[in-house]
Amino acid sequence: MPQGISPIADQIRARLAGLAPERLEVLDESSRHAGHSEDARRGESHFRIRLAAPGLAGQSRLARHRAVLAALGPEITTRVHALAIEFLD
């Protein structure tokens with residue numbers, strides 16, 4: 001699948017919409033990890049999120065990560081092998 005276009009990426013975008021991001025990028029980087037793990041061979045296992053959300057401004061990095069993980073919920077976080085989160089502020 002092309003980078004960033006996948007059912008899980010779409011679900012991530014939908015769930016993070018609740019954080020009212022000004023900018024949101026969801027990249028499926030699974031193909032870069034082929035051979036790294038069984039999950040990577042199946043695809044949709046490694047994602048990078050780039051996010052600018054004013055509602056998270058002023059929070060610690062840990063608090064922002066927790067907010068993103070809470071928004072994603074266990075339905076997403078248990079299906080993804082690796083998740084990188086970058087805050088653009």
Fill in: His46 versus Ser30, closest heavy-atom pair with distance
N-OG, 3.0 Å

Practice prompt. Mind checking the NE2-CZ spacing from His65 to Arg61? Nearest 0.5 Å is all I need.
Written response: 4.5 Å

Discussion item. For the CD1 atom of Ile76 and the CD atom of Gln11, what is their distance to the nearest 0.5 Å?
Written reply: 4.0 Å

Response to the item:
When rounded to the nearest 0.5 Å, the distance separating CD of Glu25 from CD1 of Ile49 is 11.0 Å

Worksheet, complete the sentence: For Arg66, the salt bridge (Lys or Arg N to Asp or Glu O under 4.0 Å) test, sequence neighbours excluded, returns none

Show the atom names and distances, to 0.1 Å, of all donor-acceptor pairs under 3.5 Å that link a side chain in residues 82-89 to residues at least two apart or in another chain.
residue, atom, partner, partner atom, Å
Glu86, OE1, Arg50, NE, 3.1
Glu86, OE2, Arg48, NH1, 2.7
Asp89, OD2, Arg64, NH1, 2.5

Discussion item. Donor-acceptor check, side chain of Ser45 to backbone of Val80, threshold 3.5 angstrom: yes or no?
Written reply: no

Response to the item:
What one should report as the nearest heavy-atom pair of Leu56 and Ala67 is CD2-CB, 3.7 Å

Discussion item. Using the rule given for side-chain contact (heavy atoms from CB on, under 4.5 Å), can you reason through Val68 versus Leu19, listing the C-alpha separation, both sets of side-chain angles and the distance that settles it, and then say yes or no?
Written reply: CA-CA 8 Å; Val68 168; Leu19 296 177; 4.1 Å; yes

Worksheet, complete the sentence: Between the OG1 atom in Thr78 and the CD atom in Glu75, the distance rounded to the nearest 0.5 Å is 7.0 Å

Worksheet item: CG of Leu16 to CG of Leu72: how many Å apart, nearest 0.5 Å?
Response: 4.5 Å

Fill in: Separation of Ile12 CD1 from Leu51 CG (nearest 0.5 Å)
11.5 Å

